[in-house]
Amino acid sequence: MQPAERSPARGPRVDPYGFERPEDFDYAAYEEFLSAYLVVLTRRALKWSRLLQENGGLNRTSTVKRYVRKGIPLEHRAHVWLAVSGAQAWMERNPGYYQRLLQGEEGKSELEEAIRTDLNRTFPDNVKFRKTAQPCLQKALFNVLLAYGLHNRSVGYCQGMNFIAGYLILITKNEEESFWLLDALIGRILPDYYSPAMLGLKMDQEVLAELVRMKLPAVAALLDGHGVLWTLVVSRWFICLFVDILPVETVLRIWDCLFNEGSKIIFRVALTLIKQHQAFILEATSVPDICDKFKQITSGSFVMECHTFMQKVFSEPGSLSMTTITRLRENCRAALLAQR
Amino acid sequence: MQGTADPAEDTRQLTQLQCALSAHTAVRLCLEYSTAGWASPPPSSVRAAQGVLGHQHLARTPPTDHHPSPELWFHHFPYAAFAHTQGLWVSSFSEAGKRFASWMGRVRPPPDQGRNYVNLAVVMLVGDSGVGKTCLLVRFKDGAFLAGTFISTVGIDFRNKVLDVDGMKVKLQIWDTAGQERFRSVTHAYYRDAHALLLLYDVTNKTSFDNIQAWLTEIQEYAQDDVVLMLLGNKVDSTQERAVKREDGEKLAKEYGLPYMETSAKTGVNVDLAFTAIAKELKQRIMKAPNEPHFLLHDYVKQEGRGPFCCQF
């Protein structure tokens with residue numbers, strides 16, 4: 001190939017989802033990854049089209065599980081998320097509910113103010129969320145968060161939900177569908193991460209700590225030895241479901257499994273990140289050092305190469321049964337309630 | 001043992017020695033060397049020991065006083081202090097040494113960066129959602145203002161900056177926290193690791209000022225007793241109507257005995273000063289020379305702070 005025919009050294013400044021690429025974005029590494037990943041994507045797209053053409057193709061749960069783990073093509077993502085999470089069924093059972101929530105007038109002002117504080121602070125690096133964008137997704141974001149806060153008053157609005165709703169809107173391009181997917185996540189898939197006591201979040205952070213003690217004792221010993229609380233280094237992983245922590249494509253691949261298989265995937269991802277960088281983390285000699293390391297392990301080619309990353313997520317942490325998770329969650333929850 | 005003239009041979013010898021030295025022996029060698037009055041140049045055995053402890057680049061002046069004051073403990077006996085922190089050598093040391101060691105436990109040096117990099121301190125930013133914690137931090141870190149290009153902080157985020165304080169490098173790790181009320185039950189767990197706290201409110205938002213008392217209660221309950229604490233009224237640049245007078249901020253600060261300043265992350269006014277003042281205070285707590293006057297954080301801030309912003313009332 002002649003140099004002149006090669007793709008330019010710098011690819012598009014904005015990614016397919018509207019996010020501006022950072023100044024230090026490694027276009028060459030991304031290009032290399034993408035050329036291999038495009039082959040995978042094409043192959044998966046063909047397979048998914050065939051599956052979805054079948055009558056009740058999405059009912060073949062074991063096939064769907066295998067397919068979802070290998071990634072849902074972007075054009076089918078919203079549809080499959082809605083179907084496998086049950087959000088579609090809820091939406092069909094409650095026609096017009098979303099619109100009615102937004103028409104009500106009660107108890108809005110405090111909620112509205114909390115949401116407004118974060119509107120300009122949700123994805124300022126995404127061109128679709130700019131005030132000047134046509135249409136500007138800030139309005140959709142506001143509506144979805146407001147409707148959800150009115151629908152689930154015990155949760156209301158919690159920072160972090162803005163990023164999750166923002167991703168849902170980018171993928172579904174539909175407020176009502178985003179609302180029902182948010183409901184599936186917060187109401188059914190995740191333990192109560194966002195309620196005022198944040199008990200589910202604290203519980204899952206402790207569960208992760210326990211899993212690391214079992215599977216990666218050296219890392220656990222390092223953190224315990226320095227008295228580092230797991231919440232210090234991983235709270236954002238749980239609250240934002242890896243948004244703004246891992247690359248967009250990787251987050252979406254994780255969410256594919258999250259909607260289909262549930263919250264266990266979060267532990268798998270966290271364990272994979274820690275295990276892969278175990279030696280690097282163990283170099284830390286102080287609390288700030290440990291914090292830095294945990295921040296650094298969420299960037300670079302390991303997390304950018306989402307297909308390989310997802311394969312590792314299902315192999316590296318080893319077996320992780322739902323029975324174990326449930327037991328650990330019960331224990332940690334009881335311990336947290338006893339501490340109060 | 002003496003160093004040889006050939007630098008390559010010298011290095012080889014040092015490496016060999018380093019491999020043979022246990023941390024315990026290394027501490028003993030360095031300690032003996034330092035208590036003997038820093039004979040110069042150090043013999044290669046001591047240099048090897050310093051290497052083992054990660055202090056090979058350490059430049060030290062001989063002590064003028066063989067019975068240094070508690071504050072000078074570290075300055076003259078760094079290896080003794082190091083030994084303390086490693087739990088290697090406790091019984092033979094004085095109360096002053098032990099006090100120092102407990103300090104070292106909190107402000108621990110990264111072993112590979114030498115002793116004049118000793119101060120590694122955690123500064124935590126707290127205050128209501130939207131008062132400008134992240135912006136203040138970015139202004140300090142990068143000297144830039146994030147107009148509409150920053151995201152709400154969820155949970156906690158970290159940034160590092162090395163400051164030069166009176167010729168000594170102080171590394172600050174700044175923890176930026178989420179302001180929303182429900183996160184307090186998560187963030188209060190972080191307080192105990194913080195050496196300093198910057199408590200912010202927004203001068204254009206009365207509620208954020210009213211909540212300061214609640215934040216102080218939280219701090220009193222969870223932070224270390226000796227934490228360095230400063231109150232900052234941010235956004236003094238704002239064209240929006242001011243909701244909190246400077247006098248009100250001063251009054252509250254006085255009531256609680258806190259140093260106080262008004263800042264602007266947008267224009268940068270008093271931002272570096274706030275962090276520098278904290279770094280000076282932290283540095284002084286570790287290694288104040290006996291004849292050096294006490295660093296008075298309140299006075300420093302009063303003297304150096306820019307304002308008042310009376311014209312904006």
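A note on names: the letters A, B, ... follow the listed sequences, proteins ahead of strands, and every chain is numbered from 1. All values below were derived from every heavy atom in this structure, side-chain atoms included, with hydrogens, water molecules and symmetry-related copies excluded.
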Engineer: For the NZ atom on B:Lys266, are there more than 12 heavy atoms of other groups (residues, nucleotides or ligands in this structure) within a distance under 6.0 Å?
Structural biologist: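 It does not: B:Lys266 NZ has 12 such atoms or fewer within range.
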Engineer: In the structure I gave you, are the side-chain heavy atoms of B:Trp175 and A:Pro288 within less than 4.5 Å of one another anywhere?
Structural biologist: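 The answer is no, as the side chains (C-beta and beyond) never meet within the 4.5 Å cut-off.
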Engineer: Checking A:Leu232 against chain B: side chain, backbone, both or neither under 4.5 Å from a heavy atom?
Structural biologist: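 The answer is both parts of A:Leu232.
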Engineer: Between atom CG of A:Asn162 and atom CD1 of B:Ile151, what is the distance when rounded to the nearest 0.5 Å?
Structural biologist: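 Between A:Asn162 CG and B:Ile151 CD1, I get 8.5 Å after rounding to 0.5 Å.
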Engineer: Quick check: do B:Ser185 and A:Lys202 have side-chain heavy atoms less than 4.5 Å from each other?
Structural biologist: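 They are in contact (side-chain heavy atoms under 4.5 Å apart), so the answer is yes.
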Engineer: Within the structure provided, determine whether B:Ser129 and A:Arg121 are in side-chain contact (heavy-atom separation under 4.5 Å).
Structural biologist: yes
Engineer: Can a donor-acceptor pair be found, under 3.5 Å and without considering hydrogens, that links the side chain of B:Gln180 to the backbone of A:Tyr157?
Structural biologist: yes
Engineer: Heavy-atom cut-off 4.5 Å, strictly under: side chain, backbone, both or neither for A:Asn120 against chain B?
Structural biologist: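 Backbone only.
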Engineer: Identify the two heavy atoms, one from B:Arg182 and one from A:Pro196, that lie closest to each other, and give their separation to 0.1 Å.
Structural biologist: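 So the two residues come closest at CB-O, 3.4 Å.
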Engineer: Relative to chain B, which of A:Gly160, A:Cys291, A:Ala284, A:Ser195 shows the most heavy atom pairs under 4.5 Å?
Structural biologist: A:Cys291
Engineer: Please lay out, stage by stage, how A:Lys295 and B:Asp157 fare under the test side chain to side chain contact (heavy atoms under 4.5 Å, CB included).
Structural biologist: CA-CA 9 Å; A:Lys295 201 170 171 179; B:Asp157 198 10; 3.1 Å; yes
Engineer: Looking at chain B, which one of A:Pro124, A:Ala114, A:Ala197, A:Gly227 has the largest number of heavy-atom pairs inside 4.5 Å, strictly under?
Structural biologist: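 Top option by heavy-atom pairs under 4.5 Å: A:Pro124.
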Engineer: Is chain B contacted by the side chain of A:Cys240, its backbone, both, or neither, given a heavy-atom distance below 4.5 Å?
Structural biologist: side chain
Engineer: Minimum heavy-atom separation for B:Val186 to A:Met198, with atom names?
Structural biologist: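 Looks like CG2-SD, 3.7 Å.
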Engineer: Looking only at heavy atoms and a cut-off of under 4.5 Å, which of A:Thr117, A:Val233, A:Thr231, A:Asp244 has the most pairs with chain B?
Structural biologist: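 Result: the option with the highest number of such pairs is A:Thr231.
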Engineer: Examine whether an atom of B:Thr134 lies under 4.5 Å from a heavy atom of chain A, and if so say whether it belongs to the side chain, the backbone or both; otherwise answer neither.
Structural biologist: neither
Engineer: For residues B:Arg192 and A:Leu229, determine if any side-chain heavy atom of one lies less than 4.5 Å from a side-chain heavy atom of the other.
Structural biologist: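 Yes. Closest side-chain heavy atoms under 4.5 Å.
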Engineer: Just wondering, are more than 12 heavy atoms of other shown residues or ligands nearer than 6.0 Å to CD in A:Glu283?
Structural biologist: yes
Engineer: With side chain to side chain contact (heavy atoms under 4.5 Å, CB included) as the test, would you mind laying out the steps for A:Ser235 and B:Phe183 before giving the verdict?
Structural biologist: CA-CA 10 Å; A:Ser235 60; B:Phe183 280 95; over 6 Å; no
Engineer: Could you check B:Gln173 against A:Asp292 for side chain to side chain contact (heavy atoms under 4.5 Å, CB included), going step by step and ending with a plain yes or no?
Structural biologist: CA-CA 9 Å; B:Gln173 182 168 69; A:Asp292 281 343; 3.1 Å; yes
